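Everything on this sheet refers to the single structure shown next.
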Amino acid sequence: MTDLLTQLNDAQREAVIHTEGPVMIIAGAGSGKTRALTYRIAHLLQRGADPFSILALTFTNKAAREMKERIMSLIGDREGRNVWMGTFHSVFARILRAEGHHLGYPQNFTIYDTDDSKRLIRGILSELNLDQKVYNPSYILHRISNAKSNLFSATDYLNNPEVQTADAAAGKPLTGEIFRTYSARLKRADAMDFDDLLYNTNLLFRDFPEVLYKYQHRFRYILVDEYQDTNHAQYLIIKRMAALHENITVVGDDAQSIYAFRGANIQNILNFKVDYPDHRLFRLEQNYRSTKVIVNAANGVIAKNKDQIKKTVWTDNDEGMPISLLRATSDNEEGTLVANSIFGFKMSKQLPNKHFAILYRTNAQSRSIEEALRRQGIPYKIYGGLSFYSRKEVKDLLSYFRLVINPNDEEALLRIINYPARGIGKTTIEKLQVLSNDHQCSIMELISKPDHRLTEINRGTITKLTDFATMIRSFAVKLDKMNAFELAEHITKSVGIMAALKEEDNIESVNRIENIEELLNAIMEFAEREPVAGELGEEGVPQRSLGHFMQEVALLTDADKNDDSENADYVSLMTIHAAKGLEFPYVYIVGLEENLFPSIQSIGTRSELEEERRLFYVALTRAEEKVTISYAESRYRWGSLSLSEPSRFIEEIDIQYIESPKKNQQDFRQKQALSGLDAFQRKLMPTPPAASKNESNDEPFEASDVDSLQNGMTVEHQKFGTGKIIQLEGAGANKKATVFFPGIGQKQLLLKFAKLKICDA
DNA sequence: TCCGATCTATTTTTT
DNA sequence: ATAGATCGGA
């Protein structure tokens with residue numbers, strides 16, 4: 001074991017050795033924030049602190065895992081693995097599993113994800129006969145989530161005149177009622193949503209002093225990463241837990257606060273000074289990550305924000321390369337330019353793919369980039385987007401597991417009671433829902449032992465229902481007899497999901513089968529993995545059951561699954577939010593257009609705009625050596641072409657750091673951009689000219705005239721390749737072609753959009 | 001009850 | 001462009 005302290009700079013060392021009392025570390029981007037945090041924990045352990053007395057909270061599973069690995073490599077596995085380290089949500093979920101009975105929750109409560117929450121809200125809306133357009137489920141959930149993050153219960157919400165007036169003014173006076181029903185339904189299902197994990201932990205600590213006392217004693221040292229992203233609920237929990245020892249360390253950077261939209265409160269950093277007047281404040285200002293150009297350019301951008309804590313981030317690194325600006329006429333061309341640029345750097349500097357990252361504001365932007373990378377033959381990996389665990393078939397199977405573990409889990413039940421089809425239709429389900437409201441009990445309870453309450457339902461259907469209940473119960477009995485994989489496989493076989501998919505027998509269903517197999521593989525890996533202390537509850541549990549797997553999976557929504565990433569070599573694609581905490585030598589920030597970045601819904605208020613600017617700051621500071629930014633003058637949004645202006649953020653970068661586009665290229669583009677006729681034509685033309693106009697060495701793709709297409713012709717499609725026209729129908733704008741693409745299958749293409757080139761007649 | 005046709009929202013970011 | 005929800009007919 002080496003002396004840890006010699007590996008730190010002065011500021012970092014100071015922050016590490018002051019082990020007692022409240023400490024706040026304001027750490028600029030790339031200043032070794034994680035390093036300070038991990039070394040601090042390692043230092044504590046080295047000085048004899050009990051690993052079980054240390055709690056470290058992060059926002060992502062990934063951050064927690066990485067920190068744990070680094071600590072274990074610093075001071076050894078044995079000590080390191082016993083530190084309680086995890087996301088707020090996962091740590092609090094664990095506390096609630098152990099203590100939830102105080103609040104009337106069973107140990108096996110389900111965690112509803114956003115999808116489940118929205119379904120539940122939709123259900124409530126239709127019960128209350130409310131318009132889904134007025135009461136948009138996403139909006140309602142957002143309202144409820146914000147309320148809970150600020151520790152408002154449904155009752156508080158209904159009793160608050162300001163909130164009520166606001167909802168009435170917004171034309172949604174019944175939001176509070178929906179909130180109330182929503183909460184009651186969650187409770188009846190023995191379920192918590194993400195916000196409940198925080199809300200209920202607060203309740204627990206507020207109302208049960210003996211429970212609070214237990215955790216206050218246990219956690220002698222508390223460390224919080226990304227403190228600027230905590231919301232009020234998290235703030236209060238931490239404050240309560242730390243109240244006894246006051247050994248609390250928070251690390252944050254107000255310039256990187258990008259989650260205000262979901263309730264994060266920068267004020268928490270300022271409150272820290274008030275709550276702990278005798279705190280020590282350390283500033284980490286030396287950036288080790290990026291070149292001078294990047295650090296200075298980013299500093300210049302963030303300086304435009306009014307709300308910020310003054311600090312001076314600087315670096316000793318080289319000057320570095322200027323920031324490049326790519327201007328494209330269309331989103332497709334943007335993708336091509338980026339792909340070409342990456343290809344160029346790869347060749348000229350012999351760089352691996354993993355040195356490159358492409359960052360965007362919204363997930364939807366990934367498509368044009370992906371296509372370009374594929375054409376250029378550059379391997380890539382997308383982080384985030386539609387998570388594996390939210391795919392339909394995966395959720396379906398997981399719903400079986402959920403229902404087996406918690407029979408009251410209503411969203412799970414509704415998903416699968418008739419999938420695969422077993423003759424339990426909509427009418428029956430509606431009747432059951434009414435009954436479950438009337439009798440205040442779960443549907444599973446009603447159908448487990450059918451009695452007089454089910455008189456409305458005919459005999460044959462009742463048999464189907466009891467068969468279903470019996471089947472679920474037969475699985476439940478095996479929960480602690482089989483390990484996770486044995487039971488998961490047993491359930492998958494018994495319910496016939498695979499058989500149903502095999503019967504469908506198309507490209508889609510083959511894909512779904514693969515996903516289910518992948519899920520089962522993940523469960524097998526889980527079952528065989530050595531249990532890590534603390535992972536399965538307090539002291540570890542001998543068998544890795546399906547219940548344990550489901551506890552882990554509920555909070556594992558993002559790119560956490562099978563990290564084969566270490567050796568693989570690919571370009572990373574992700575949203576800027578997902579990129580926080582990561583770094584790459586070469587970073588491309590794409591889609592720098594007004595109304596996209598900054599987002600159209602965030603240009604209304606100064607604070608929202610400043611959050612967008614912080615997001616841009618985060619994007620810039622991900623880069624070690626080179627930043628390239630790009631924008632497109634037109635872009636497909638919602639399936640139609642729209643024109644866009646360059647983002648105001650481009651101008652906010654000091655011109656001295658930007659490499660102007662190559663002279664002739666600029667002239668060429670400018671001519672195009674300035675031509676009003678061109679823009680006008682683009683608006684009218686069904687297909688964007690961009691693909692054929694770009695200067696890449698791609699073959700221009702020109703669609704053949706729609707009217708000359710005939711049945712039986714071989715045609716080429718840009719994405720699907722060559723195929724044969726099976727059928728043509730409709731006329732004019734609605735003309736449709738059914739084309740069979742070998743290896744892909746049949747596709748219905750609306751010729752207004754799809755470009756088809758005739759290969760032979 | 002099932003199937004296909006039609007309609008509609010989706011695009012801000014995530015635990 | 002596309003998945004999902006909804007509706008109407010068999």
Side-chain angles (χ1 to χ4, degrees), chain A residues 57-64 86-93 111-115 117-119 122 126 132-133 136-139 141-142 145 148-149 192-198 226 229-231 233-234 257-264 359-368 383-387 389-392 418 421-429 460-461 464 508 554-560 574-580 591 595-603 608 611-612 614-615 618-619 635-642 719 734 736 747-750 752-754:
Chain A
L57 295 167
T58 64
F59 272 82
T60 63
N61 295 304
K62 195 166 174 226
T87 63
F88 282 91
H89 289 85
S90 71
V91 166
F92 297 160
I111 297 171
Y112 274 13
D113 66 14
T114 310
D115 200 49
S117 296
K118 277 188 197 161
R119 276 165 181 264
R122 268 188 216 112
S126 65
Q132 306 248 346
K133 272 168 232 151
N136 179 306
S138 306
Y139 169 83
L141 186 59
H142 181 236
S145 168
K148 287 198 216 172
S149 301
M192 298 192 198
D193 67 11
F194 289 140
D195 301 300
D196 284 334
L197 296 174
L198 308 182
E226 310 277 18
D229 287 334
T230 50
N231 63 28
Q234 289 161 328
S257 159
I258 52 174
Y259 284 110
F261 73 91
R262 66 170 208 222
L359 310 181
Y360 35 78
R361 178 68 237 272
T362 67
N363 280 309
Q365 286 167 256
S366 69
R367 189 188 301 180
S368 54
Y383 291 81
L386 223 201
S387 150
Y389 293 101
S390 50
R391 304 241 166 94
K392 183 189 177 298
N418 198 32
R422 43 176 80 86
I424 301 170
K426 212 166 93 182
T427 336
T428 310
I429 292 170
T461 312
K464 290 176 191 162
E508 188 75 342
L555 294 164
L556 200 140
T557 39
D558 59 336
D560 294 320
M574 66 187 89
T575 64
I576 301 169
H577 282 88
K580 186 152 95 154
N595 298 340
L596 179 61
F597 190 18
S599 155
I600 188 156
Q601 27 255 306
S602 304
I603 47 182
E608 280 173 334
E611 176 147 317
E612 295 283 308
R614 291 193 295 270
L615 197 54
V618 168
R635 177 178 296 280
Y636 272 97
R637 288 183 118 185
W638 307 288
S640 66
L641 193 70
S642 67
K719 188 163 152 203
N734 289 320
K736 263 195 309 198
K747 291 277 168 189
Q748 292 239 329
L749 302 165
L750 201 51
K752 186 164 54 161
F753 298 115

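Side chains are part of it too, since the values below use all heavy atoms of this structure and drop only hydrogens, waters and symmetry mates. None of these values were measured; they are calculated from a predicted model. Each chain gets a letter, A, B and so on, in the order its sequence line appears, and its residues count up from 1.
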**Request:** I would like to know whether A/E612 and A/S599 meet side-chain contact (heavy atoms from CB on, under 4.5 Å); could you show each step before the answer?
**Result:** CA-CA 8 Å; A/E612 295 283 308; A/S599 155; 3.9 Å; yes
**Request:** Please state how far atom CZ in A/R391 lies from atom C1' in C/dA3, giving the value in whole angstrom units.
**Result:** 14 Å
Polar atoms only, N or O, under 3.5 Å: list the protein pairs with nucleotides 7-13 of chain B and their distances.
residue : atom : partner : partner atom : Å
B/dT10  : OP1  : A/N136  : ND2          : 3.3
B/dT12  : OP2  : A/Q601  : OE1          : 3.2
B/dT12  : OP2  : A/Q601  : NE2          : 2.1
B/dT12  : O2   : A/R361  : NH1          : 2.9
B/dT12  : O2   : A/R361  : NH2          : 2.2
B/dT13  : OP1  : A/N363  : N            : 3.0
B/dT13  : OP1  : A/N363  : ND2          : 3.4
B/dT13  : O2   : A/R361  : NH2          : 2.7

**Asked** To the nearest Å, how far apart are A/D115 CG and B/dT15 C1'?
**Response** 15 Å
Polar pairs (N or O, both sides) under 3.5 Å between protein and nucleotides 7-10 of chain C?
none

**Message:** Between A/F59 and A/Q234, is there a side-chain heavy-atom distance shorter than 4.5 Å?
**Reply:** yes
**Fill in**
Here the distance between atom C1' of C/dA3 and atom CZ of A/R122, to the nearest Å, is 12 Å
**Request:** Give A/F88 one of three labels, base, sugar-phosphate or nothing, depending on what nucleic acid heavy atoms sit under 4.0 Å from its own.
**Result:** nothing
**Message:** To check you understand the geometry: which heavy-atom pair defines the closest contact between A/I576 and A/F597, and what is its length?
**Reply:** CD1-CE2, 3.5 Å
**Request:** Output the distance between atom CZ (A/F194) and atom OG (A/S117), rounded to the nearest 0.5 Å.
**Result:** 7.5 Å
**Request:** Provide, to the nearest angstrom, the distance between the CD atom belonging to A/Q365 and the C1' atom belonging to C/dA1.
**Result:** 16 Å
**Worked verdict on A/I603 versus A/N595 for side-chain contact (heavy atoms from CB on, under 4.5 Å)** = CA-CA 8 Å; A/I603 47 182; A/N595 298 340; 3.5 Å; yes
**Request:** Using whole Å, report how far CG of A/L641 lies from P of C/dA1.
**Result:** 12 Å
**Request:** Show your reasoning for whether side-chain contact (heavy atoms from CB on, under 4.5 Å) applies to A/K148 and A/L198.
**Result:** CA-CA 8 Å; A/K148 287 198 216 172; A/L198 308 182; over 6 Å; no
**Fill in**
Between A/G425 and A/H89, the residue closer to the 5' end of DNA chain B by nearest nucleotide is A/G425
**Request:** Figure out the CZ/C1' separation between A/F194 and B/dT15, and round it to whole Å.
**Result:** 5 Å
**Request:** Please step through side-chain contact (heavy atoms from CB on, under 4.5 Å) for the pair A/L359 and A/M574, ending with a clear verdict.
**Result:** CA-CA 5 Å; A/L359 310 181; A/M574 66 187 89; 3.7 Å; yes
**Request:** Check A/D229 against A/S257 and note the closest heavy-atom contact, atom names and distance.
**Result:** OD1-CA, 3.7 Å
**Request:** For A/Y360, enumerate each residue passing the ring pair (Phe, Tyr, Trp, His ring centres under 6.0 Å) test, keeping only those at least two apart in sequence or located in another chain.
**Result:** none
**Asked** Rounded to whole angstroms, how far apart are CD on A/Q132 and P on C/dG4?
**Response** 16 Å
**Prompt:** With a 4.0 Å cut-off on heavy atoms, is A/T114 in touch with a base, just the backbone sugar-phosphate, or nothing at all?
**Reply:** base
